[in-house]
Each structure stands twice: as C-alpha cells, then as structure tokens.
Amino acid sequence: MQVRVQNVRKEFDLFPALHDVSLDVISGELIALLGPSGSGKTTLLRLIAGLERPTSGRIFFGDEDASEKSVQERNIGFVFQHYALFRHMTILENVSFGLKVRPRSRRPPANEIRRRALELLDLVQLSGLEKRYPNQLSGGQRQRVALARALAIEPKVLLLDEPFGALDAQVRRELRKWLREIHDRTGHTTVFVTHDQEEALELADRLCVMSQGRIEQVGTPDSVYDTPTSPFVFGFIGESSELAVNVDRSDIWLGDRAIGISGAEDVGPARLFFRPHDIELVEDDAALAGVVASSRRVGGTRRVELELGGGGARVEIDLPFDHPAGERSRIAFRPKRWQLFPG
Ligand code: ATP
C-alpha cells in the first residue's frame with residue numbers, strides 16, 4: 001500500500017511540530033524516519049496512523065484520502081518502543097487479540113485465528129513459547145511478539161516507533177537483521193522511526209532525514225550518505241568535519257592558504273564538508289595541514305584529530321592504524337571527496 005503525505009502541517013497549541021511535510025512511501029518499502037530528538041518523527045508516524053489529525057494537509061492510502069479515517073479504518077499495525085503486550089494474556093492470546101476482537105462478520109473462525117497466530121509465532125521464531133506470559137520473556141522476545149501481534153491483523157501499513165530502543169546494543173543488532181528478513185518475506189509497507197543512524201542505514205530501503213519539523217532529505221542510504229544535500233544532513237549522517245573556507249577563482253582557501261582542491265562554482269565564503277576516511281595524505285604545501293591533537297583506534301584505522309594551522313580549527317581524519325604519526329606530528333592532507341555549501 002502506497003502512503004502519500006501531502007503538505008501536512010501539525011500544530012500543538014500553535015507550536016508547529018511539522019511544517020508542510022510531503023512524503024511518498026512506496027508500496028512494500030521499508031522507510032526510516034531519522035532525525036534528532038524533537039524533529040517530528042513520532043508526530044509524522046502518529047499522523048499516518050490516524051492517532052493525530054493534521055492541522056492542514058492530507059494523507060492518502062493508495063488513491064483513498066485517509067485523512068478523516070480512524071485508526072481502525074486505516075488498518076495499521078503498530079509497534080512501540082515499550083512493549084505494550086497484555087500482561088494477563090498468554091503470548092498466543094496476545095497475537096490472536098486483534099483478530100478476536102473483530103466484528104463477527106470479519107472475524108475468522110477460532111481455529112483459523114489459532115492457526116494464523118501460531119504461524120506468525122513461527123515467523124518471529126518464538127514457536128513453543130505460545131503458552132508463556134509476557135513477563136516470562138526477554139525484552140527482545142517481547143518485541144518479537146509485539147511485531148507478530150501487529151502483523152496478525154494483516155495491516156496495510158506497519159508503523160514501528162523505535163521498536164528496539166529499550167534493548168541493549170547486541171540484541172538490537174540481531175533484531176534489526178531479523179526485522180529486515182521478515183520485511184523481505186512479508187513485503188509490508190513499513191515506516192520505522194529511529195534516531196539511530198546506524199540502524200537506519202543498515203535496515204532501510206530509503207531514509208527520510210528530519211530536522212525541526214521539516215524533511216531535509218529523502219533517498220537511499222547510499223545516496224544520503226554520499227551526497228547529502230544540506231549541511232545538516234552532512235553533519236548528522238556519518239562522521240564529518242566542517243571548515244569555514246573561501247572560494248576564489250574556483251580555488252578553495254582556508255585563510256590565506258590555497259588547500260589544493262578546486263572546481264567550486266560559487267565565489268565567496270563557504271562551508272566545506274568531508275568525511276574522515278575520504279582523504280589522502282600529501283607532501284606538498286597546497287593542502288590542509290596541522291598537528292595531531294589526539295588520536296584513537298577505531299576498528300582497523302586510527303581516527304586522528306588535527307589542529308590546523310592559522311585559526312586552529314580542528315578536523316578529524318583516518319590514518320592506517322600503524323601510521324607512525326604521534327602527538328604534535330605534522331600531517332598534510334587533501335579531501336578526496338568533499339562538498340561545499342554556501343557560507
Ligand atoms: P524523539 O526522538 O525525542 O521521540 P521526535 O522526532 O519523535 O522526537 P516528536 O515527538 O514528533 O519528535 O515531537 C516534535 C515536536 O512536537 C517536539 O518539539 C515536541 O515537544 C512537540 N510535541 C509532540 N507531541 C506533542 C503534544 N502532544 N503536545 C505538545 N507538543 C508536542
């Protein structure tokens with residue numbers, strides 16, 4: 001099911017939580033809403049669910065205007081950060097609940113409900129635990145039950161709000177992979193809220209990066225990482241350094257030093273962004289140069305903080321972990337890939 005959010009604005013007591021947001025969620029994709037705290041991710045998710053009404057704008061499910069429809073009419077599967085399982089019901093009863101409470105005309109027969117619930121427990125790899133109660137499961141297992149319960153009603157759209165937020169890092173990583181596999185098997189249109197960029201980059205078909213109630217960029221993880229369209233996205237997704245530079249005759253200058261990269265179109269003050277691993281060490285003077293202020297091992301490389309000459313700005317670059325540079329060593333480098341934004 002395709003979901004179209006069209007020019008949606010949402011105010012809470014005149015405070016605009018979302019400004020004119022438009023987003024097309026493609027049928028069958030897993031899209032992650034990613035952004036810092038307060039950027040409007042949960043508000044957008046709740047609007048899609050029908051738990052909130054837009055102040056203005058519309059939301060379409062397929063060709064149908066769903067803006068005025070209730071949560072039930074929208075047929076949404078929802079999983080929250082805090083497992084809202086029914087504590088007094090067994091796992092099987094929890095998963096069956098959504099089907100059991102349907103009006104009789106749309107309710108499958110009892111044996112069919114049971115068959116479907118057991119099948120879903122098998123899908124989330126919890127076969128054999130159907131007679132347990134939620135407090136007899138681990139946090140990760142409870143979230144898997146919550147997902148099975150959300151899938152049981154055969155939702156048109158699955159909405160997940162930081163579903164792994166309360167779990168430890170190792171379990172999170174496992175569930176992430178598992179969620180991707182389930183999604184590939186079931187093909188539900190899924191909107192996933194997270195503030196964890198690693199989770200979003202690994203899991204999603206597309207990212208929707210949000211900041212201050214606006215969508216900054218929508219694209220595949222690769223396109224957002226490789227070609228951020230704003231300073232915010234460059235700084236928010238992945239590691240990056242930023243320098244205040246000047247562009248003159250297409251050369252880029254840091255203070256009075258040409259840094260050996262060119263090709264910029266506009267002239268004047270600009271913000272130069274690059275990633276720590278997108279650099280090359282050089283010997284000549286037309287480069288960025290500085291002394292090592294600190295360094296630490298990051299996996300197979302060494303992340304070095306350099307204090308640049310003239311102004312003392314600091315940037316981070318990656319060196320091979322066995323590079324001999326010690327504290328206060330002088331290093332010159334040039335970004336191999338970089339982006340400029342107007343200053
Ligand atoms: P987080 O990652 O912290 O959950 P978020 O990106 O999901 O943040 P939202 O919960 O959508 O952000 O909130 C966006 C803005 O709207 C925030 O400034 C928040 O304080 C405000 N807001 C959200 N819900 C309400 C509400 N019911 N009443 C008033 N303001 C609200």
Side-chain angles (χ1 to χ4, degrees), residues 3-25 29-59 66-71 74 76-84 139 142-143 146-147 150 157-169 171-173 175-176 179 189-219 221 224-225 228-238:
V3 179
R4 253 182 320 134
V5 177
Q6 213 173 65
N7 302 107
V8 162
R9 178 178 179 86
K10 177 64 185 174
E11 291 173 5
F12 293 107
D13 304 325
L14 298 180
F15 169 82
L18 290 179
H19 310 256
D20 195 23
V21 162
S22 295
L23 175 67
D24 279 356
V25 181
E29 80 170 328
L30 195 164
I31 190 164
L33 306 182
L34 179 66
S37 183
S39 53
K41 309 180 292 293
T42 297
T43 303
L44 180 52
L45 201 72
R46 290 174 61 82
L47 283 158
I48 295 173
L51 293 162
E52 303 281 356
R53 288 280 129 97
T55 307
S56 61
R58 313 218 136 265
I59 293 171
S67 311
E68 299 303 322
K69 292 199 167 168
S70 68
V71 183
R74 291 186 199 198
I76 295 283
F78 222 131
V79 181
F80 298 97
Q81 173 169 358
H82 294 287
Y83 7 85
R142 277 182 243 174
Q143 281 312 70
L147 188 76
V157 179
L158 191 58
L159 303 178
L160 311 173
D161 193 354
E162 302 252 8
F164 311 139
L167 306 172
D168 72 48
V171 178
R172 265 182 101 115
R173 270 196 294 276
L175 286 191
R176 213 185 274 167
L179 177 65
T189 305
T190 304
V191 186
F192 182 97
V193 164
T194 180
H195 62 258
D196 178 341
Q197 51 165 293
E198 190 187 310
E199 190 160 280
L201 286 164
E202 188 177 316
L203 195 58
D205 296 312
R206 289 195 305 156
L207 309 183
C208 169
V209 185
M210 300 184 65
S211 164
Q212 300 186 349
R214 291 193 165 81
I215 292 179
E216 288 271 333
Q217 187 168 355
V218 181
V224 173
Y225 186 89
T229 52
S230 70
F232 171 81
V233 176
F234 214 122
F236 187 70
I237 304 285

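Note that ligands are numbered from 1 as they come in the structure, with each ligand's atoms numbered from 1 the same way. Heads up: numbering here begins at 1 and tracks the sequence.
- The pair Glu216-Arg214 fails the salt-bridge criterion, with no side-chain N (NZ, NE, NH1 or NH2) lying under 4.0 Å from an Asp/Glu carboxylate O.
- For atom 2 (O) of ligand 1, the closest heavy atom belonging to the protein is Lys41 NZ, 2.8 Å.
- A salt bridge links Asp196 with Arg172; the closest basic N to acidic carboxylate O contact falls under 4.0 Å.
- Residue Pro36 approaches ligand 1 through these ligand atoms, each under 4.0 Å from one of its heavy atoms: 6 (O).
- Below 4.0 Å from some heavy atom of Ser39 lie the following atoms of ligand 1, by number and element: 5 (P), 6 (O), 12 (O).
- The closest approach between any non-hydrogen atom of Gly38 and ligand 1 is below 4.0 Å.
- In this structure, the protein non-hydrogen atom closest to atom 29 (C) of ligand 1 is Phe12 CB, 3.2 Å.
- Side-chain contact between Leu160 and Phe80 is absent, with no heavy-atom pair separated by less than 4.5 Å.
- A salt bridge links Arg176 with Glu198: the closest approach of a Lys/Arg side-chain nitrogen to an acidic carboxylate oxygen falls below 4.0 angstrom.
- Side-chain contact annotation: Gln217 with Thr229, donor-acceptor N/O pair under 3.5 Å present.
- Of all protein heavy atoms, the one lying nearest to atom 12 (O) of ligand 1 is Gly40 N, 3.3 Å.
- Nearest non-hydrogen protein atom to atom 19 (C) of ligand 1 is Phe15 CE2, 4.6 Å.
- The atoms of ligand 1 that sit less than 4.0 Å from any heavy atom of Ala17 are 15 (C), 16 (O).
- Given atom 9 (P) of ligand 1, the protein heavy atom at minimum distance is Thr43 OG1, 3.5 Å.
- Atom 16 (O) of ligand 1 lies below 4.0 Å from at least one non-hydrogen atom of the protein.
- Looking only at heavy atoms of the protein, atom 3 (O) of ligand 1 is closest to Ser37 OG, 2.6 Å.
- Scanning the protein heavy atoms around atom 4 (O) of ligand 1, the nearest turns out to be Thr42 OG1, 3.8 Å.
- Side chains of Val224 and Val209 form a contact here, defined as non-hydrogen atoms less than 4.5 Å apart.
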- Message: With side chain to side chain contact (heavy atoms under 4.5 Å, CB included) as the criterion, how do Leu33 and Val191 come out once you've worked through the C-alpha distance, each side chain's angles and the decisive distance to 0.1 Å?
- Response: CA-CA 7 Å; Leu33 306 182; Val191 186; 3.8 Å; yes

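- Residue Lys10 holds its NZ atom at 4.5 Å from OG1 of Thr55, rounded to the nearest 0.5 Å.
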